[in-house]
Amino acid sequence: QVQLLESGGGLVQAGGSLRLSCAASGIRFSGNAMGWYRQAPGKQREMVATLTSGGTARYADSVEDRFTITGDNTKNTVYLQMNSLKPEDTAIYYCKIFRGMTPTYTYWGQGTQVTVSS
């Protein structure tokens, strides 16, 4: 059973920092692409950051230079370091692991709440 468990969310003041973690089980971290997505109330889920198996990171314009995605193959965990948080960053953050090549698959975590107060 593939499971992704997010943690590290919480309440933080604007300008503060949080680090989200996503621990994967039942699947190897290496060889897959990983990503962090978020969904705020009344909004569609959006990509925050992705990381390919080759180590290439991509960020949404709204978080670039503030967020950093990293992976630890040994721990089978992907992280999202969030600095200079803004109230508009408030959302449920979801971890995703996926494969674009055949056989394709996508797995989602249960989400972790991030709330940034002004």
Side-chain angles (χ1 to χ4, degrees):
Q1 183 76 55
V2 175
Q3 290 184 314
L4 304 178
L5 181 60
E6 301 100 329
S7 62
L11 175 63
V12 65
Q13 293 182 328
S17 299
L18 286 173
R19 188 176 75 157
L20 306 183
S21 299
C22 175
S25 61
I27 189 171
R28 299 293 296 179
F29 181 81
S30 61
N32 295 290
M34 291 73 64
W36 285 97
Y37 295 72
R38 67 186 182 187
Q39 186 167 21
K43 295 184 178 180
Q44 296 181 337
R45 188 173 299 187
E46 64 176 351
M47 184 273 289
V48 177
T50 57
L51 182 68
T52 69
S53 60
T56 300
R58 181 173 177 267
Y59 301 93
D61 291 342
S62 60
V63 307
E64 193 167 12
D65 298 326
R66 298 189 297 119
F67 292 9
T68 303
I69 184 172
T70 57
D72 188 329
N73 289 341
T74 302
K75 297 181 178 180
N76 220 38
T77 301
V78 62
Y79 304 93
L80 183 67
Q81 178 67 46
M82 305 184 294
N83 298 325
S84 302
L85 284 163
K86 305 175 181 179
E88 48 263 46
D89 294 320
T90 296
I92 300 176
Y93 284 70
Y94 298 90
C95 176
K96 183 177 81 171
I97 183 168
F98 56 101
R99 189 176 191 271
M101 303 297 290
T102 303
T104 61
Y105 50 72
T106 301
Y107 299 100
W108 291 94
Q110 84 289 345
T112 184
Q113 177 70 48
V114 172
T115 302
V116 184
S117 62
S118 60

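Note that this is a predicted model, so its numbers are computed, not measured.
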Is [Y] close to [X] at the side-chain level, that is, under 4.5 Å between some pair of heavy atoms?
{"X": "Arg66", "Y": "Tyr59", "value": "no"}
{"X": "Met82", "Y": "Val116", "value": "no"}
{"X": "Ser21", "Y": "Lys75", "value": "no"}
{"X": "Ile69", "Y": "Thr50", "value": "no"}
{"X": "Thr90", "Y": "Gln113", "value": "yes"}
{"X": "Cys22", "Y": "Tyr79", "value": "no"}
{"X": "Thr56", "Y": "Arg58", "value": "no"}

So, taking the atom named [atom1] in [X] and the one named [atom2] in [Y], what distance separates them when rounded to the nearest 0.5 Å?
{"X": "Thr106", "Y": "Asn32", "atom1": "OG1", "atom2": "CG", "value": "10.0 Å"}
{"X": "Arg38", "Y": "Lys43", "atom1": "CZ", "atom2": "NZ", "value": "8.0 Å"}
{"X": "Leu5", "Y": "Thr77", "atom1": "CG", "atom2": "OG1", "value": "9.5 Å"}
{"X": "Asn83", "Y": "Asp65", "atom1": "CG", "atom2": "CG", "value": "11.0 Å"}
{"X": "Arg19", "Y": "Thr70", "atom1": "CZ", "atom2": "OG1", "value": "7.0 Å"}

Give a yes or no on whether the backbone of [Y] and the side-chain of [X] come within a donor-acceptor separation of less than 3.5 Å.
{"X": "Gln13", "Y": "Ser117", "result": "no"}
{"X": "Thr112", "Y": "Gly9", "result": "yes"}
{"X": "Asp89", "Y": "Ser62", "result": "no"}
{"X": "Tyr105", "Y": "Ile97", "result": "no"}
{"X": "Gln39", "Y": "Ala91", "result": "no"}

Hydrophobic cluster membership, [X] vs [Y], 4.5 Å side-chain cutoff:
{"X": "Leu11", "Y": "Leu85", "result": "no"}
{"X": "Val12", "Y": "Leu80", "result": "yes"}
{"X": "Val114", "Y": "Tyr94", "result": "no"}

Over all atoms of both residues, closest heavy-atom pair of [X] and [Y]:
{"X": "Pro87", "Y": "Ser118", "answer": "CG-CB, 3.8 Å"}
{"X": "Ile27", "Y": "Asn76", "answer": "O-ND2, 2.8 Å"}
{"X": "Leu20", "Y": "Trp36", "answer": "CB-CH2, 3.6 Å"}

Fill in the blank from the handout: Residue set satisfying salt bridge (charged side-chain N to carboxylate O under 4.0 Å, His left out) with Arg45, at least two apart, ordered chain then number -> none

Practice task
Specify whether Tyr93 and Phe67 have parallel, tilted or perpendicular ring planes, treating 30° as the upper limit for parallel and 60° as the lower limit for perpendicular.
Solution key: tilted

Practice task
Mind running side-chain contact (heavy atoms from CB on, under 4.5 Å) on Ser17 and Gln81 for me, showing each step along the way?
Solution key: CA-CA 8 Å; Ser17 299; Gln81 178 67 46; 4.0 Å; yes

